[in-house]
S.K.: 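Please read through the structure below; I'll follow up with questions.
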Amino acid sequence: MKKKMDLLMYPSVKLLIPLVLGITVGDIIDIKPAWWWVMTVYTVIITFVVWQWKYTQSLLLLLIVFLLGATSVSMKKQTMQIRLPNQTIIFKAVLLSNPVVHGKVIQTDLMIMGEEEPMKVKAAILCDTITNHYQSLHIGDGIEAYAYLEEPMNFSDATFDYARWLKFHGYAAETFIRYDQWQKVKVNLRPMSFLQRTSLAAGIYRQKLMKQLENNLDGSNLAIVSAMTLGDKQLINKDIKEDYSITGASHVLALSGLHLTILYGLLMLLMSWCERLLPRTFRQGVSELLILLAVWSYVVLVGMSSSVVRSAVMLTIYSFVTLLNRERLSVNTLALAAVIMLISNPFNLFDVGFQLSFMSVWAIMLFYPLIYEAIPLPQTKSLLVIRWLWKMIAVSMAVQLGTAPLVAFYFNRVSSVFAISSLIAVPGTMIIVSATLCMLLLNPLPALSSLVGKLICTITEWLNASLHWLANIPGASIDNLHVTVLQLIIYYIMLMAVWLLWSFFAEKIEFK
C-alpha cells in the first residue's frame, strides 16, 4: 500500500523542525529572553491579524514555534548564570553519586544546600591515604566542607567542551576539597525539589542493587552487567570500551531503547499471564498502566538519561495509541517524543545520547523496510533462521546509515564490522538483561541466583571474547575521521533524498 508523501500527515514533524531550529539559533545568538518574548508576542498578534490568509498564517505559526524554541533555550541559559562567591566558603552538601577514585582524588557530584535553590557541583576530594577517611563516603551522605567554588573550565589542550557539557547537565560549579577540609554531617534535604529527592533515593537504591550484583558477579562480568542493567559504566576498563567502540557495539553498554524494550517485553509477558489467571483484575488498560508505571520507575532508577527517557516516552505513546487502535510506531510518534523532551529541557538537543538515540530510531523506521525487502525471502520454516539473520543485519545497516556520521563527528571513528557485531551483541544483551532481572528477583534464594549468575558470566565472557576477536581484525574500524557540521547537514539532506527516491521506486510512497 502506497503512502502519500504529505507533510500535513506528520504534524509532530512540522512542530519539531522549527523548534529544533529555534533552539539552535537561540543558543548561538546571545539575546536576552525578553527580546525573544517581544518577537513572539508580535508574531502572535500578526497571526491573528492575517487570519484570512491561511498559508501566511501557517508560516507565522511555524515562526512562533521557532521563537518559542529560541526563547526556551535563552531562558534556560539565563538560569545557568549563577553568581558564585569570590572567596572560600563553608557549605553543607549531600552526595548525589557514589565517589569514584581517580588517582589521588575521589570524584563525586554534590548538591550544595544554600539560602536559595540547591546548587549541583562537580567535586574532587583529596584522598587521605593514612586514615582512608574518604572510604566512608557514599551516595546520600551529607558533608560540611570548606572550599572554593569556581566556574566550570576546559583544559588548555582539550578538544571537548567540558565546561559546556557540565552546564548543560545542570552543574553550576566545580570545586576541590582538601582531605582535612570536610566532615560528615546530617544535611536537611528539604531545599531539594521532589524530583531531586526522588533521583537521590533512586541512586541509593541503585547502589543496593549493585551490591546484589556483586554477590554473584565480579571483574569484567560485573562491569558489563551493571552497565547494561543499571546504567553504571564506571567499572568498565579501557580495553573493553575500545573493543566495543571498534566493533560498533558501544550502544549495548549505554541504556537505550534496546534495553527498555527488553524490559517492556518481559512485563508484557508477565501481564499476559496475569490476564489469563485473573481476567477481571488485569484488563488491558490496567495492564498497560502497570507496565508504564514499572517502566518509568526503572527510568528514574537508572538516572533518567536522555536515550532512556526517549524510549520511555515512545513506549508511553505506543501504549496509548495501542488502546486507541491507531498506528503504533511512526516518524510522527518519534517526532512527538522529541518535541516533549525538548519542551521539558531544550538542552537535550545538544546531548550526544539524545542525538544518537533519535537518529538511530529514525533511520530504522525509514530504511529498515527498504533494506529488508531489497532481498525478498520466502515465508517458509526452512528459512526462519536466515530471515532472522537478515532482519538483524537490515536493522544494523539502517542504524549505521543514521548514526555513522554523528559517531564520526563526535568520536572520529566508524566501525566496519558493525553488521557482524550486532548479530553477536544484540542477542547477547537480550539474554544478559533478562537473566540479570531474573537473578535479582531470585536474590532471596542464593543457590538459584548463583546458578543464574554463572550463566550470565558465561554469556558475558563469550560476548567480550567475540567482540575482542572482531576488534582485532585488520580494518575493523576507520579511525581519524574529521567531520564538520556542514558535512553533517549535507549528509542528512542527501540521505533523506535517497530515502524519498528509494521509497518512490519501491512503490512505498507517492508524491501528492
S.K.: Is the closest side-chain heavy-atom distance between Ile28 and Thr24 below 4.5 Å?
M.R.: yes

S.K.: Hey, does the side chain of His259 reach the backbone of Val252 with a donor-acceptor pair shorter than 3.5 angstrom?
M.R.: yes

S.K.: Can any side-chain N or O of Trp499 pair as donor or acceptor with the backbone N or O of Leu366 at less than 3.5 Å?
M.R.: yes

S.K.: Identify the heavy atoms of Leu110 and Ala123 that sit nearest to each other, and give their distance.
M.R.: CD1-CB, 3.6 Å

S.K.: Cationic tip of Arg310 within the cone over Phe354's six-membered ring, i.e. under 6.0 Å and within 45° of the normal?
M.R.: no

S.K.: Measure the spacing between CD1 of Ile343 and CG of Leu68 and express it to the nearest 0.5 Å.
M.R.: 9.0 Å

S.K.: Does a side-chain N-to-carboxylate-O contact under 4.0 Å join Glu150 and Lys122?
M.R.: no

S.K.: CG/Leu166 to CE/Met153 distance, rounded to the nearest 0.5 angstrom?
M.R.: 12.0 Å

S.K.: If the threshold is 4.0 Å, N to carboxylate O, is there a salt bridge linking Asp27 and Lys76?
M.R.: no

S.K.: Please tell me if the side chains of Val20 and Ile23 come closer than 4.5 Å, counting only heavy atoms from C-beta onward.
M.R.: no

S.K.: Should Leu95 and His138 count as side-chain neighbours, where that means a heavy-atom distance under 4.5 Å?
M.R.: no

S.K.: Side chain of Gln207, backbone of Ile139: donor and acceptor closer than 3.5 Å?
M.R.: no

S.K.: Do you see a donor-acceptor pair shorter than 3.5 Å between the side chains of Thr316 and Trp296?
M.R.: yes

S.K.: Find the distance between CG (Leu19) and CG (Leu342) and round it off to the nearest 0.5 Å.
M.R.: 5.5 Å

S.K.: Do Thr108 and Ile106 have side chains that approach each other closer than 4.5 Å (heavy atoms only, starting at C-beta)?
M.R.: no

S.K.: With no hydrogens and no angle check, do the side chains of Ser421 and Thr247 hold a donor and an acceptor under 3.5 Å apart?
M.R.: no

S.K.: Minimum heavy-atom separation for Ile432 and Met228, please, with both atom names.
M.R.: CG2-SD, 3.9 Å

S.K.: Determine the sole option in Ser306, Ser307, Ser305 for which the side-chain hydrogen bond (donor to acceptor under 3.5 Å, both in side chains) test with Asp351 is passed.
M.R.: Ser306

S.K.: If we only count heavy atoms from C-beta on, is the Leu401 to Tyr491 side-chain gap below 4.5 Å?
M.R.: yes

S.K.: Is it true that atom CZ of Phe176 has more than 12 heavy atoms of other residues, nucleotides or ligands lying nearer than 6.0 Å?
M.R.: yes

S.K.: Mark yes when over 12 heavy atoms from residues, nucleotides or ligands other than Lys120 sit less than 6.0 Å from its NZ; otherwise mark no.
M.R.: yes

S.K.: When you measure from the side chain of Ser226 to the backbone N and O of Asp232, does any donor-acceptor pair fall under 3.5 Å?
M.R.: yes

S.K.: Could you state the interatomic distance from CD1 (Ile125) to CG (Leu137), rounded to the nearest 0.5 Å?
M.R.: 5.5 Å

S.K.: Parallel, tilted or perpendicular: which fits the ring planes of Trp165 and Tyr171, with parallel below 30° and perpendicular above 60°?
M.R.: parallel

S.K.: Quick check: does any side chain N or O of Ser360 sit under 3.5 Å from a backbone N or O of Val399, one acting as donor and the other as acceptor?
M.R.: no

S.K.: Is there a donor-acceptor pair closer than 3.5 Å between any side-chain N or O of Gln487 and the backbone N or O of Thr484?
M.R.: yes

S.K.: Any donor-acceptor pair under 3.5 Å linking the side chain of Ser74 with the backbone of Ala70?
M.R.: no

S.K.: Please examine the side chains of Val94 and Asp141, heavy atoms only from C-beta on, and report whether any two atoms are closer than 4.5 Å.
M.R.: no

S.K.: Under 4.0 Å between a Lys/Arg side-chain N and an Asp/Glu carboxylate O for Glu242 and Arg413?
M.R.: yes

S.K.: Please say whether more than 12 non-hydrogen atoms of neighbouring residues, nucleotides or ligands are located less than 6.0 Å from CE in Met430.
M.R.: no

S.K.: How long is the span from the CD1 atom in Ile82 to the CG atom in Leu84, to the nearest 0.5 Å?
M.R.: 7.0 Å

S.K.: Between Ser245 and Lys241, is there a donor-acceptor pair closer than 3.5 Å when you use the side chain of the first and the backbone of the second?
M.R.: no

S.K.: Roughly how far, to the nearest 0.5 Å, is CD1 of Ile262 from CG of Leu258?
M.R.: 4.5 Å

S.K.: Is it true that atom NZ of Lys92 has more than 12 heavy atoms of other residues, nucleotides or ligands lying nearer than 6.0 Å?
M.R.: no

S.K.: Angle class for the Tyr492/Trp362 ring planes (parallel below 30°, perpendicular above 60°, tilted otherwise)?
M.R.: perpendicular

S.K.: Using side chain to side chain contact (heavy atoms under 4.5 Å, CB included), reason through Trp36 and Val25 one step at a time and then give a plain yes or no.
M.R.: CA-CA 11 Å; Trp36 288 115; Val25 172; 4.3 Å; yes

S.K.: Below 4.5 Å, heavy atoms only, C-beta onward: do Tyr244 and His251 meet side chain to side chain?
M.R.: no

S.K.: Would you say that Tyr368 contacts Lys391 through its side chain, given a criterion of any heavy-atom pair below 4.5 Å between the two side chains?
M.R.: yes

S.K.: Quick one: does any side-chain atom of Gln355 pair with a main-chain N or O of Val352 as donor and acceptor, under 3.5 Å?
M.R.: no

S.K.: With a cut-off of 6.0 Å (strictly less than), are more than 12 heavy atoms of other residues, nucleotides or ligands near CE of Met397?
M.R.: no

S.K.: Would one find more than 12 heavy atoms of other residues, nucleotides or ligands at under 6.0 Å from atom CG of Asn188?
M.R.: yes

S.K.: With a 3.5 Å distance limit and no angle check, can you tell me whether Asn412 reaches the backbone of Leu481 through a side-chain donor-acceptor pair?
M.R.: yes

